[in-house]
2 protein chains.
Amino acid sequence: MSVDNIPKIVISRLPVYLRALNRMVQNSQLVTSSHELGKALGISSAQIRKDLSHFGEFGKQGTGYQVEFLITQLRQILNLDREWEVAVIGSGDIGHAITRYQGFADRGFRVTAIFDSDPSKVGTKINGLEVQPADDIIKVLRERNIQIAMLAIPAEYAQSATDTIVEAGVRAILSYAPISLNVPDHVKVRYIDPVTHLQSMTFYLSTEDDLLTQPL
Amino acid sequence: MSVDNIPKIVISRLPVYLRALNRMVQNSQLVTSSHELGKALGISSAQIRKDLSHFGEFGKQGTGYQVEFLITQLRQILNLDREWEVAVIGSGDIGHAITRYQGFADRGFRVTAIFDSDPSKVGTKINGLEVQPADDIIKVLRERNIQIAMLAIPAEYAQSATDTIVEAGVRAILSYAPISLNVPDHVKVRYIDPVTHLQSMTFYLSTEDDLLTQPL
DNA sequence: AAGCATATGTGAAATATTTCTCAAACTGTA
DNA sequence: TACAGTTTGAGAAATATTTCACATATGCTT
């Protein structure tokens with residue numbers, strides 16, 4: 001059990017564990033084991049135990065883990081024992097879908113600002129939230145001390161928007177723009193690009209359907 | 001240069017390289033190097049060379065890589081020298097945004113079917129595509145030999161919908177539902193859950209803003 | 001044509017990550 | 001209380017992945 005220098009890949013799995021544990025709570029399950037959790041997630045039980053061991057001892061030999069307790073611990077580790085305000089940059093289809101997405105609320109996040117540079121979009125409401133002009137990004141983010149933003153704009157504007165929000169104090173960016181962003185060291189970035197995911201699967205999809213298109 | 005047993009993590013990086021290379025083409029850049037590409041992506045040049053070396057020798061010493069040529073090669077490796085039809089399951093906000101997303105067309109994919117179980121949605125058109133009833137999933141996917149699906153429905157329906165599309169012959173699933181899916185070995189799954197990404201970043205966001213809320 | 005600068009591809013070395021294994025601890029049962 | 005069945009946590013071993021380092025090849029300049 002070390003305290004810092006936790007491998008990044010370990011951190012990335014904790015939210016997945018948390019998601020599965022929350023599901024168990026919904027099903028009124030009180031206790032689980034690394035074996036059961038691993039089976040549900042397609043991960044080895046040893047890996048789950050090893051991951052958790054970086055942060056402390058949360059289980060009990062012979063019994064396993066109290067689901068509620070482990071959830072509490074994971075939320076604490078991930079700094080989720082508070083609510084994070086999130087800004088959405090861009091009110092197109094993706095920004096729209098994100099802003100209306102109901103899956104944030106009970107998992108630690110709330111979209112509390114949305115911006116667009118298109119004057120015809122400014123002032124419209126999405127999910128009760130008024131779209132604000134892009135020119136106000138710095139002012140609003142600083143005022144409200146918003147540190148997380150989701151980028152939902154075309155690739156060609158993504159870098160300059162990133163520079164803006166970083167200047168405004170944002171330290172975590174989830175980008176839907178299909179481009180690698182340049183940020184200072186203190187800023188974390190994650191990417192969501194459905195196409196790269198699809199492309200990493202087609203590699204394994206040998207084109208066996210050639211068989212179907214052959215002449216009789 | 002081996003041929004099979006390519007590490008999965010290598011495959012997952014190829015689409016990212018491809019994305020950056022396409023960007024270079026747009027900027028009329030003819031040649032690049034592992035060093036330049038790496039810098040653009042925040043990856044070491046050695047890693048890029050090693051990754052590519054699994055598949056052949058695509059560069060020239062002293063010069064680097066012809067951008068167009070490398071793109072052609074990567075597309076071939078990833079089975080992207082064809083167009084893949086994709087089905088969208090669910091026509092809510094996410095399914096809607098995916099179906100209208102313009103980023104698929106020039107990267108190897110086309111959404112050609114969308115389904116919903118809500119009768120009030122069936123028959124409506126999204127991006128010129130008519131929403132079909134969920135009951136027709138198996139029939140339509142089999143008829144058209146569609147092998148890739150994107151899941152955009154609530155978690156509670158995700159597993160049963162997965163069983164259905166797998167039965168219909170789908171071999172690659174990109175799921176937006178926040179739940180781990182159970183699939184047979186021959187089916188690949190990737191997940192997009194914005195919340196897990198956000199949660200993996202909040203870990204690094206020490207709550208220094210406590211300083212700001214302290215009494216004067 | 002020679003010399004310099006650049007850049008690949010690749011074994012070897014260094015790191016990182018996962019899996020194995022098992023002592024120790026807990027529960028339930030007789 | 002003793003015993004059987006579970007399950008954790010963690011050191012050791014096994015794998016996987018990344019980085020290093022360099023021979024070799026190319027282009028450019030003089």
Among C:dT19, C:dT10, D:dT8, which nucleotide sits nearest the side chain of B:Glu57? C:dT10
Between C:dG9, C:dC26, D:dG27, spot the one nearest the side chain of A:Lys60, thanks.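 When the side chain of A:Lys60 is considered, C:dC26 is the closest of C:dG9, C:dC26, D:dG27.
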Over how many whole Å does the gap from [X] atom [atom1] to [N] atom [atom2] extend?
X	N	atom1	atom2	answer
A:Ile6	C:dT17	CD1	P	11 Å
B:Leu41	D:dT18	CG	P	14 Å
B:Ile48	D:dT19	CD1	C1'	13 Å
A:His54	C:dT17	NE2	P	9 Å
B:Glu36	C:dA5	CD	P	21 Å
B:Arg13	D:dA16	CZ	C1'	12 Å
A:Ile9	D:dT15	CD1	P	19 Å
B:Asp51	D:dT18	CG	P	7 Å

Counting distance alone, no hydrogens or angles: does the base of C:dT8 have a donor or acceptor under 3.5 Å from a partner atom on the side chain of B:Gln61?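 Answer is yes: a donor-acceptor pair is held.
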Regarding C:dT18, can its base be found pairing with the side chain of A:Gln47 as donor and acceptor, where the two atoms are less than 3.5 Å apart? no
Report yes if at least one side-chain N or O of [X] is closer than 4.0 Å to OP1 or OP2 of [N]; otherwise report no.
X	N	answer
A:Ser44	C:dT18	no
A:Tyr65	D:dG9	yes
A:Thr63	D:dT7	no
B:Arg49	D:dA21	no

Test item: side-chain donor near acceptor, B:Glu36 and B:Gln29, under 3.5 Å: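 A pair is found: one side chain offers a donor N or O, the other an acceptor, under 3.5 Å apart.
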Has A:Arg190 got more than 12 heavy atoms of other residues, nucleotides or ligands less than 6.0 Å from its CZ?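 Check passes, neighbour count above 12.
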Salt bridge or not for B:Asp93 and A:Arg100, using N-O below 4.0 Å? yes
Indicate yes or no: does B:Glu83 engage B:Arg110 in a salt bridge with an N to O separation below 4.0 Å.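 A salt bridge links B:Glu83 with B:Arg110.
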Closest-nucleotide 5' rank along DNA chain C - winner of A:Lys50 and B:Ser34: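 Between the two, 5'-proximity favours B:Ser34.
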Which part of the nucleic acid, if any, lies within contact of A:Leu52, taking any heavy atom under 4.0 Å across all strands shown: a base, the sugar-phosphate backbone alone, or nothing? nothing
Identify whether any heavy atom of A:Ser45 sits under 4.0 Å from a base atom; if not, whether one sits that close to sugar-phosphate; answer base, sugar-phosphate or nothing.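 Nothing, no nucleic acid heavy atom in range.
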From the list A:Ile89, A:Val170, A:Leu174, A:Val88, side chain to side chain contact (heavy atoms under 4.5 Å, CB included) with A:Leu151 holds only for A:Ile89
